[in-house]
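Each remark here refers to the structure printed beneath this line.
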Amino acid sequence: MSRLSSGIIYSVALALVWGVAYPLTRMAEAYASPMVIAVIRVIAASALMYPLVRRLVLNLRMLITAVLNMGLFLVLINVSILYSPNPGLAALMIYTQPLFVALFERLILKHGLSFGRVIGLILGFTGVALASTSSVFLSLGVIVGLVAGLLWGLGTILYAMWFRDIDPLVTNASSSVLSIPVTALALPIDPALSLTLRGILLVLLVVADAQILGFILWFKAVSSERPSTVSSILLLTPILALYFSALILKSRLTTPELMGTAVTMIGLLLVIKSA
């Protein structure tokens, strides 16, 4: 590969954007529960993006991909973390998504995987595992996280099949609108809300970063590059979240986290080289 494709560039940018979103969301959770933040994310994104595109795609296929990639994903990731004794393990289960994407890409899209790509994917996931958790507990949160990874992986493939040629702004606006009922139904799980001016600003910052910019980059990446490549690169997200958390929240990086970073980077370089 002589130069990086636009899809790879979008994917790396997305990992940075979503990596920053983790500590921002943690700060916003002092004022609103994750479930409340999820509802605000999709409502605010709908209100802000529709005036820009003046168009929505509202059909069964868009509903399916919106629920899998956005609405249900936002709900399941929060439930996973809420009911897991180890948040790092919950995040690890969610980032089984690249493994499911590779499987579905082979079964549904009939795309083969080179040896270098397979090894890179395995190393990338192993690095995240080293950095995310030091113990394994089978719990409701772990199971929900695994389901979230599987459904997100399926949603990624279906989006690549059906909507590669749709404007990502339109897809983001449409998916946000269709995700409102799904996230709203989960509100009773944790409806806590106590917003101040600082809280409002933090939540809106999460909306702008994770929901609007993040999903625009995600839709662009999946439309421009093989889903398995995009998903593999997104294994950078939990790694970058650790570093941004250390910077913003003043948390300390551990030796396993540093080791995991090195292993993940080696894996992702193999994936990019084989793209």
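Residue numbers run from 1 in the order of the sequence given.
- A 4.5 Å side-chain heavy-atom check between Leu178 and Met70 finds every atom pair outside the cut-off.
- To the nearest 0.5 Å, atom CG of residue Leu204 and atom CG of residue Leu24 are 12.0 Å apart.
- Side chains of Asp190 and Pro34 form a contact here, defined as non-hydrogen atoms less than 4.5 Å apart.
- Counting only heavy atoms from C-beta outward, the side chains of Leu121 and Leu99 approach each other to under 4.5 Å.
- Looking at Val222 and Tyr10, their side chains never come closer than 4.5 Å, going by heavy atoms from C-beta outward.
- For the pair Ser179 and Gly71, the tightest heavy-atom approach, listed with the atom from each and the gap, is OG-N, 3.1 Å.
- Across every non-hydrogen atom of Ala44 and Val207, the tightest pair is CB-CG1, 3.8 Å.
- Shortest non-hydrogen contact noted between Val203 and Ala28 is CG2-CB, 4.1 Å.
- Every side-chain hydrogen bond (donor to acceptor under 3.5 Å, both in side chains) that Glu29 has, sequence neighbours left out, goes to Arg26.
- Under the 3.5 Å distance criterion, the side-chain polar atoms of Ser228 are left unmatched by any main-chain donor or acceptor of Ala102.
- Annotation: the span from Met27 atom CE to Leu205 atom CG amounts to 8.5 Å, rounded to 0.5 Å.
- A pairwise comparison of heavy atoms in Ile94 and Phe73 identifies CG2-CE1, 3.8 Å as the closest pair.
- Two residues are said to be in side-chain contact when any heavy atoms from C-beta on lie closer than 4.5 Å; Phe125 and Thr96 meet this criterion.
- Pairing each heavy atom of Ser223 with each of Tyr159, the nearest pair is OG-OH, 3.3 Å.
- Side-chain heavy atoms closer than 4.5 Å link hydrophobic residues (I, L, V, M, F, W, Y) into clusters, and following such links, even through other members, never connects Leu185 to Ile189.
- Distance CG/Leu240 to CH2/Trp18: 13.0 Å, rounded to 0.5 Å.
- Tyr95 and Trp152 have perpendicular rings, their planes meeting at more than 60° on a 0 to 90° scale where under 30° would count as parallel.
- Linking ILVMFWY residues whenever their side-chain heavy atoms come closer than 4.5 Å, directly or via other members, leaves Leu201 and Tyr31 in distinct clusters.
- Looking only at distances, no side-chain donor or acceptor of Ser80 sits under 3.5 Å from a matching main-chain atom of Leu76.
- In terms of modelled atom types and a separation under 3.5 Å, the side chain of Ser224 and the main chain of Gly7 share no donor-acceptor contact.
- At least one donor-acceptor pair under 3.5 Å links the side chain of Asn69 to the backbone N or O of Thr65.
- Taking the six-membered ring for Trp and thresholds of 30 and 60 degrees, Trp218 and Phe215 have ring planes more than 60 degrees apart, a perpendicular arrangement.
- Residues Ile248 and Tyr22 form no side-chain contact, since every pair of their non-hydrogen atoms from C-beta on lies 4.5 Å or further apart.
- At least one side-chain heavy atom of Leu74 sits less than 4.5 Å from a side-chain heavy atom of Gln211.
- Note on Leu269: it does not cluster hydrophobically with Val230, by side-chain heavy-atom contacts below 4.5 Å among ILVMFWY residues.
- Considering only heavy atoms from C-beta on, Val206 stays 4.5 Å or farther from Leu202 through its side chain.
- With hydrophobic clusters built from ILVMFWY side chains whose heavy atoms lie under 4.5 angstrom apart, Met161 shares a cluster with Leu154.
- Between the Ser46 side chain and the Val177 main chain, a donor and an acceptor come within less than 3.5 Å of each other.
- Looking at Ser5, its side chain does come within 3.5 Å of a backbone N or O of Ile8 through a donor-acceptor pair.
- Hydrophobic clustering (side-chain heavy atoms under 4.5 Å, transitive across Ile, Leu, Val, Met, Phe, Trp, Tyr) keeps Met259 apart from Leu235.
- Here the shortest heavy-atom pairing between Leu123 and Gly267 reads CB-CA, 3.7 Å.
- At a cut-off of 3.5 Å, with distance as the only test, a side-chain donor of Tyr243 or Thr261 sits close to an acceptor on the other residue.
- Checked by atom type and distance alone, the side chain of Asp209 never pairs as donor or acceptor with a backbone atom of Gly214 at under 3.5 Å.
- Between the side chains of Glu225 and Ser11, no donor-acceptor pair of N or O atoms lies under 3.5 Å.
- From Leu103, atom CG reaches atom CG of Leu150 across 8.5 Å, with rounding to the nearest 0.5 Å.
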Acceptor/donor pairs from residues 50-58 side chains to any protein atom, 3.5 angstrom cut, sequence neighbours excluded:
none

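- For the atom pair OG1 (Thr183) and CD1 (Ile37), the distance works out to 12.5 Å, reported to the nearest 0.5 Å.
- Judged purely by atom type and a 3.5 angstrom limit, Ser175 has no side-chain atom pairing as donor or acceptor with the backbone of Ala66.
- Atom NE2 of His111 is separated from atom CD1 of Ile157 by 8.5 Å, given to the nearest 0.5 angstrom.
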